[in-house]
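We name chains A, B, ... by the order of the sequence lines, and we start the count at 1 in each one. Because the structure is predicted, anything quoted here is derived from the model rather than measured.
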Amino acid sequence: MPEPGGAAAGAAPPVLLAVSGLHAHYGRAHILSDVALEARQGEVLVLLGRNGAGKSTTMKAIMGLVPPSAGQVRLDGADLAGQEPHVIARAGIGYVPEERRIFTDLTVMENLAVGRRPPRACLAPWTPERLFALFPNLGEMRNRPGGRMSGGEQQMLTIARTLMGNPRLLLLDEPSEGLSPLIVEQMANTILQLKREGLTVLLSEQNLHFAGLVSDRATVIEQGRIRWSGTFAALEADAAAQAQYLSV
Amino acid sequence: MMELLLVQGLNGLASAASLFLVAAGLSIIFGVTRIVNFAHGSLYMLGAYIAVTLFAVLPRDQLGFWGAVLLSAVAAGLLGALLERLVLRRLYGAPELFQLLATFGVVLIVQDAALLIWGPQDLLGPRAPGLRGAVYVGEARIPLYDLFLFAVGPVVLALLWLLFNRTRWGTLVRAATQDREMVAALGVNQRWLFTTVFFLGSLLAGLGGALQLPRGQPATLHMDLDVITEAFAVVVIGGMGSVPGAFLAALLIGMLQAYGILVFPKITLVLTFLVMAAVLVVRPHGLLGRPQGAARALGAGVEAVIRPAPPALRRLGLAVLALLLVLPPFLGSYAVSVLGEIAVFVLFAASLHLMMGPGGMASFGHAAYFGLGAYGVALLVTNFGVPMLGGLVAAPVVAAIAGAVFGWFCVRLSGVYLAMLTLAFAQIAWSGAFQWVELTGGDNGILGVWPEGFLAGPLPFLYLTLAVSIGVTLLLRRVIYAPFGYALRAGRDSPLRAEAIGIGVRGVQWRAFILAAAAAGVAGGLFAYGKGSVFPTYMQISRSVDGLMMVLLGGVQTVSGPIVGAVVFRGLEEQLLRLTDYWRAVLGAAILLLVLAFPQGIAGAAQAWWQRRGAGTGPAAAGTERGEAERAA
């Protein structure tokens, strides 16, 4: 069982997502090389790196949106690398893209309907009502088309839409990007609440402060290679690593 | 007079019904899959033919009649789903427009299949039982069946609305129309969605075909291409992917044609496309359409970089040139004429390639410039006795002027809308040649355009054709490698960044458009002299499609592609025409096989093979060519 509270607990929970030896190309450009990372059940793992370091591509490669040219993506032991996105989604990985990609012609309720998948035994099933409790703003605009929502509301809606698929692992690609400080704080609270629900989260971020609010462990990527891995507290203490891989 | 207006109006409404069904199906399919489905007209035709058969087999009562209509629609739907599963599914990762080639292969196969099954004669269907009578408004007779058809449009529109807005399937389709990759990432199987969308769209086409018969309109072998051009117009006017838009546009076109025939009997054919051009100029995304982002699809390839020909290819080219210089005197007269034609089509394909490949502007109407070059020559020769040199100079000038005018509008659009506007302009040019009988002789064409003097012999004329065609083709090749060609490609790959470094993208595209038109005009002029006559068929849509076939078959993103494509396509066509009555089916099957075997085009496949051989250890594994045309973020 996932332990609320996460990293502080004694025995380490089992690994849910294990990526190893992952390579990806755009055309001839080699974008990811030998990427490896592990997210344990119920923890928030942050993937940190500068703009263009390969964070989004890692997310997309895990999701099958960029077909990996080599490597493994294991969810609970089963290798999903090379599968199609819908198979990966059905296996339990939920993807929240950086650009949000709300269906602007569809209402809030319809956006949620697109994401709906059958519940899983291990987690309490998400319903629109439960999601509106998590994102009260959305509940007040059920029939509003996605195109007429603010950036923050759209970001909430993409997360809610993905949660409707009852994922075990949530990929959040730079959720704080372009949001006002107030909304960013809300976002952090939301992520912590999802963690309390037992969800495992892989978060990509450039914003070290935001990452610090929610993350248990961190993995640092630079030029498509993993450079550093450890607890978030250790990264905060490691000024050299921060300067080398993260400072702009 | 009032009665005439009424009858015409109702007539227009009745024909709008079928057009709406076909166009709605086409629009739904395009919206989700982004496939420009030429075979949609074939499914309409099959719907009609299957209905003819079923009407004959099933009992002649209410149940038998309506059962036959519905079964025909379902049969067309199933055939459409089959087309998607067997052919198109294999091509979703191929470059954009490649599926178009496959759908055109299917058009050819279906034409011959229908010829084989139902024979060449037009087939009439029965009148609808219970709707055979008519009501009279004053003197005006309105058939009951027409009244029934008025209702069909709105009823189908309402049903589609319910389907799209009140079912999960409909919600998924609307979502996929906007961003199908995201839909897949949410766990929806795209294949299932595409197959069902094809089923529904094709069912609507088949229904449209079956419902035409009881109006007294026969099933014919050319109804497929007739309806597809009109359906394209309706879909574009209404806005691609918008069903209500298709409804509005079908009404508009139906009424326009009904009343147009009263007011301007001479230009009925042009009217539809004039409206289409006007709408696209004013509202670039149609009446109810909206701008479409790039079709976010898996495996949309990065455009390959065009590189100079490797030495081996240059040597091969020189060898072919030498052969062409030496060989003709030893050829029979048939071979001489075929060789000349192939040379002309190499030039035609190369000119289209300049627009489509480096320019990134797909044209569905490139035959217009070919035809205008030919007509320019023919009119000057027959009316003013202009000598041959003058004719050959005039051909590109005429075509370039048309290209400048049409292109000015076209480069303001992009993607499929641009392609559709080129189609509209080509149809306008074609209608002009067809209906302006005083000037062009209409269907009879213009005869007596022969080369003169020492060039009149087949052999000297062949050398002239070869010299001009190859010369201009090499010139176009040179353009691609010139700074102008770089600017053109920059504009294609990233208009914003190109603008930011000082390239006026529209201006560059416009000039490329004019250049391509002029080169096509040269090809047309040569062709006119070679045949001794010109006909409206030079500009018709099938000629434009031939050009597309050549370019796509060869490979859009290779410079030698159009040359290979023209030789293969024209050669195949020529040989098959001699060998079999069912040459269309064989050609269609050959196109399908080539498309499935070489999704990068023939020259593209050869190039990839060459590079793999040469590169050896490079990380050019097949899978790595996929991925999105965007920088890793």
Side-chain angles (χ1 to χ4, degrees), chain A residues 23-32 51-57 60 63-70 82 84-91 93-107 109-111 113-117 146-147 158 161-162 164-165 167 171 173-174 224, chain B residues 31 92-93 164-193 241-242 288-293 296-305 493 611 615 618-633:
Chain A
H23 292 257
H25 296 77
Y26 281 119
R28 304 220 149 188
H30 200 161
I31 303 299
L32 296 183
N51 232 344
K55 301 186 297 294
S56 288
T57 308
K60 286 181 180 170
M63 202 59 215
L65 296 172
V66 172
S69 31
E84 287 179 87
H86 74 269
V87 177
I88 294 173
R90 289 175 185 189
I93 302 185
Y95 171 63
V96 178
E98 187 182 3
E99 323 89 310
R100 302 187 185 121
R101 292 167 73 167
I102 283 297
F103 304 118
T104 49
D105 292 350
L106 274 56
T107 63
M109 287 303 277
E110 287 173 331
N111 267 284
V114 174
R116 194 179 75 219
R117 309 273 352 145
T158 30
R161 183 178 66 179
T162 301
M164 282 296 284
L171 308 181
D173 199 355
E174 300 212 32
Chain B
Y92 290 131
F164 284 125
N165 290 282
R166 291 289 178 267
T167 68
R168 176 169 161 85
W169 183 85
T171 310
L172 293 181
V173 166
R174 283 191 297 139
T177 300
Q178 192 179 347
D179 187 346
R180 65 195 204 212
E181 190 189 60
M182 194 60 228
V183 172
L186 289 168
V188 178
N189 186 349
Q190 287 194 54
R191 293 209 190 91
W192 168 78
L193 207 56
S242 164
L288 299 183
R290 46 185 91 218
Q292 264 147 5
R296 285 187 184 272
L298 284 174
V302 185
E303 304 289 24
V305 178
D493 289 342
Q611 280 170 358
T624 63
E625 295 294 330
R626 303 178 69 194
E628 291 182 53
E630 59 168 48
R631 146 190 88 85

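Between B:E181 and A:P85 the shortest side-chain heavy-atom distance does not fall below 4.5 Å. Residues B:D179 and A:R101 form a side-chain contact, since some pair of their non-hydrogen atoms from C-beta on lies under 4.5 Å apart. Taking the side chain as every heavy atom from C-beta outward, A:F103 and B:T171 never approach each other to under 4.5 Å.
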Q: Test side-chain contact (heavy atoms from CB on, under 4.5 Å) on B:L186 and A:Y95 and set out the steps.
A: CA-CA 7 Å; B:L186 289 168; A:Y95 171 63; over 6 Å; no
Q: Could you walk me through whether A:R90 and B:N189 pass the side-chain contact (heavy atoms from CB on, under 4.5 Å) test, one step at a time?
A: CA-CA 10 Å; A:R90 289 175 185 189; B:N189 186 349; 3.8 Å; yes
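Of the two parts of A:L171, neither the backbone nor the side chain holds a non-hydrogen atom closer than 4.5 Å to a non-hydrogen atom of chain B. Contact annotation for A:T104: both backbone and side-chain heavy atoms come within less than 4.5 Å of a heavy atom of chain B.
Between the side chain of B:R174 and the backbone N or O of A:L106 there is no donor-acceptor pair closer than 3.5 Å.
With rounding to the nearest 0.5 Å, the separation of CE in B:M182 from OG1 in A:T158 is 8.0 Å.
With sequence neighbours left out, B:R168 forms a salt bridge (Lys or Arg N to Asp or Glu O under 4.0 Å) with no residue at all.
Closest approach of A:A89 and B:A184 over heavy atoms only: CB-O, 4.3 Å.
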